[in-house]
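Numbers here simply count residues along the sequence, with the first being 1.
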Amino acid sequence: MVNTAAAAARGGSSGLPLASLNHISIVCRSLQESLTFYTDVLGFIPVRRPGSFNFDGAWLFNYGIGIHLLQSEDPDSLPGKTEINPKDNHISFQCESMVAVERRLKELGIPYVQRCVEEGGIYVDQIFFHDPDGFMIEICNCDNLPVVPLGADQPLVMAACKRAAVIKQQQVPSAPTTATQCVPSSTTNAIHVSEEAHISCA
């Protein structure tokens with residue numbers, strides 16, 4: 001379905017008539033290692049891939065989007081990444097429990113970095129970590145923030161993901177009672193499983 005509400009909020013649009021995100025493609029050093037990561041860690045499900053492809057890969061699906069894994073023809077040429085930089089390219093997933101995500105990452109021994117951002121008294125938690133090829137994954141509770149089109153004259157505020165809301169401009173929802181516990185990290189070092197540091201606004 002075309003997102004006509006967003007176009008209307010901008011006063012019309014000359015953009016392409018897009019409906020939704022379908023999939024992202026990721027080139028892998030090891031197709032099997034990436035397949036294991038995206039199924040066991042992120043919960044994606046392998047689905048049938050067209051048999052006409054003449055190169056190795058896998059298709060996965062969950063949460064309304066697809067991930068297409070492509071086996072690199074020259075794995076040694078792929079750049080390696082060790083530092084988890086929240087400003088790097090990434091894909092982000094909304095979650096229901098940041099605490100549960102953090103606990104699971106510790107169990108799996110996956111290094112991660114936490115951030116917390118604030119806008120108008122609303123707090124958003126973020127957790128960043130890498131897939132086997134250094135492609136970054138973000139887990140967040142970003143649908144706490146309403147999606148407000150820039151320059152919109154109407155008091156329409158479209159909330160991301162699961163819900164829609166109409167909120168009067170100048171009227172900001174009060175922050176959750178636990179939001180005061182959320183302190184943005186000042187370091188870019190990864191938090192490893194041996195550390196007990198935890199921040200959460202959830």
Side-chain angles (χ1 to χ4, degrees), residues 18-117 124-143 160-162 184-185 187-200 202:
L18 307 182
S20 64
L21 175 66
N22 181 269
H23 71 273
I24 66 166
S25 291
I26 300 172
V27 178
C28 314
R29 285 186 182 84
S30 166
L31 179 61
Q32 189 55 53
E33 188 176 353
S34 292
L35 189 56
T36 298
F37 174 87
Y38 282 96
T39 55
D40 293 356
V41 178
L42 295 183
F44 278 81
I45 300 167
V47 296
R48 183 176 297 172
R49 183 172 176 260
S52 59
F53 285 131
N54 62 358
F55 53 91
D56 204 7
W59 283 15
L60 304 99
F61 187 84
N62 205 350
Y63 320 112
I65 66 167
I67 291 183
H68 296 181
L69 302 176
L70 308 173
Q71 174 62 54
S72 173
E73 296 178 358
D74 185 8
D76 293 335
S77 69
L78 296 180
K81 291 185 180 179
T82 55
E83 179 186 358
I84 303 173
N85 179 2
K87 293 185 287 186
D88 202 353
N89 296 327
H90 62 274
I91 183 173
S92 179
F93 295 96
Q94 175 72 25
C95 80
E96 296 181 355
S97 172
M98 297 296 289
V99 173
V101 167
E102 185 180 358
R103 183 187 309 119
R104 182 61 177 151
L105 290 175
K106 287 183 176 181
E107 291 171 355
L108 294 170
I110 297 176
Y112 59 91
V113 164
Q114 292 175 295
R115 292 290 181 268
C116 183
V117 296
V124 170
D125 282 312
Q126 302 168 301
I127 292 178
F128 298 91
F129 55 96
H130 285 159
D131 79 354
D133 295 293
F135 181 73
M136 194 160 62
I137 311 295
E138 175 192 359
I139 309 295
C140 70
N141 51 11
C142 295
D143 73 350
C161 205
K162 295 183 291 186
S185 173
T187 177
T188 58
N189 294 331
I191 298 173
H192 294 276
V193 292
S194 60
E195 299 182 11
E196 294 302 322
H198 171 72
I199 57 170
S200 178

Problem set entry | Presence of salt bridge, R29 and D76, under 4.0 angstrom | no

Problem set entry | Pair E102-Y112, side-chain donor/acceptor within less than 3.5 Å | yes

Problem set entry | Interatomic spacing from CG in L42 to CD1 in I67 - rounded to 0.5 Å | 6.5 Å

Exercise. What is the minimum heavy-atom distance between I84 and M136, and which atoms define it?
Worked result: CG2-SD, 3.8 Å

Problem set entry | Heavy-atom side-chain proximity of V47 to L60 below 4.5 angstrom | no

Exercise. Are D131 and S34 close enough that a side-chain donor and a side-chain acceptor fall under 3.5 Å?
Worked result: no

For this session: Before giving the answer on side-chain contact (heavy atoms from CB on, under 4.5 Å), spell out for Q94 and C142 the whole-Å C-alpha distance, their side-chain angles and the decisive distance to 0.1 Å.
Result: CA-CA 6 Å; Q94 175 72 25; C142 295; 4.0 Å; yes

For this session: Mind running ring pair (Phe, Tyr, Trp, His ring centres under 6.0 Å) on F128 and H90 for me, showing each step along the way?
Result: CA-CA 9 Å; F128 298 91; H90 62 274; 5.6 Å; yes

Exercise. For the residue pair F44 and I65, what are the closest heavy atoms and their distance?
Worked result: CE2-O, 3.7 Å

Seminar exercise, completed: The reported gap from OH in Y63 to SG in C95 (rounded to nearest 0.5 angstrom) is 10.5 Å

Problem set entry | Check against side-chain contact (heavy atoms from CB on, under 4.5 Å), H68 and I24 | CA-CA 6 Å; H68 296 181; I24 66 166; over 6 Å; no

Exercise. Backbone N or O of D125 within a donor-acceptor pair of the Q114 side chain at under 3.5 Å?
Worked result: no

Problem set entry | Point-to-point distance, once rounded to the nearest 0.5 Å, from CD of E33 to SG of C28 | 9.5 Å

Exercise. Roughly how far, to the nearest 0.5 Å, is the CG atom of L108 from the CZ atom of R103?
Worked result: 12.5 Å

Exercise. If you take all heavy atoms of I139 and M98, which pair is closest and at what distance?
Worked result: O-CE, 3.5 Å

Exercise. Taking side chain as C-beta onward, heavy atoms only, is L105 less than 4.5 Å from F129?
Worked result: yes

Problem set entry | Side-chain heavy-atom pair V124, C116 within 4.5 angstrom cut-off | no

For this session: Applying side-chain contact (heavy atoms from CB on, under 4.5 Å), run through T39 and I45 and close with a yes or a no.
Result: CA-CA 6 Å; T39 55; I45 300 167; over 6 Å; no

Exercise. Which pair of non-hydrogen atoms, one from P46 and one from L35, has the smallest distance, and what is that distance?
Worked result: CG-CD1, 4.5 Å

Exercise. Rounded to the nearest 0.5 Å, how far apart are CD1 of I26 and CZ of F135?
Worked result: 4.5 Å

For this session: For the pair I127 and E138, evaluate side-chain contact (heavy atoms from CB on, under 4.5 Å) and give the outcome as yes or no after the intermediate values.
Result: CA-CA 6 Å; I127 292 178; E138 175 192 359; over 6 Å; no

Exercise. Could you state the interatomic distance from OG (S30) to CG (L78), rounded to the nearest 0.5 Å?
Worked result: 11.5 Å

For this session: Name all residues meeting the salt bridge (Lys or Arg N to Asp or Glu O under 4.0 Å) criterion together with R104; count only those two or more places apart in sequence or in a different chain, and write none if there are none.
Result: E107

Exercise. Counting heavy atoms not belonging to N89, are there more than 12 under 6.0 Å from its CG?
Worked result: no

Exercise. Looking only at heavy atoms, what is the nearest atom pair of F37 and P132, with distance?
Worked result: CG-CD, 3.5 Å

For this session: Look only at the side chain of Q71 and the backbone of L31, and say whether a donor-acceptor pair between them is shorter than 3.5 Å.
Result: yes

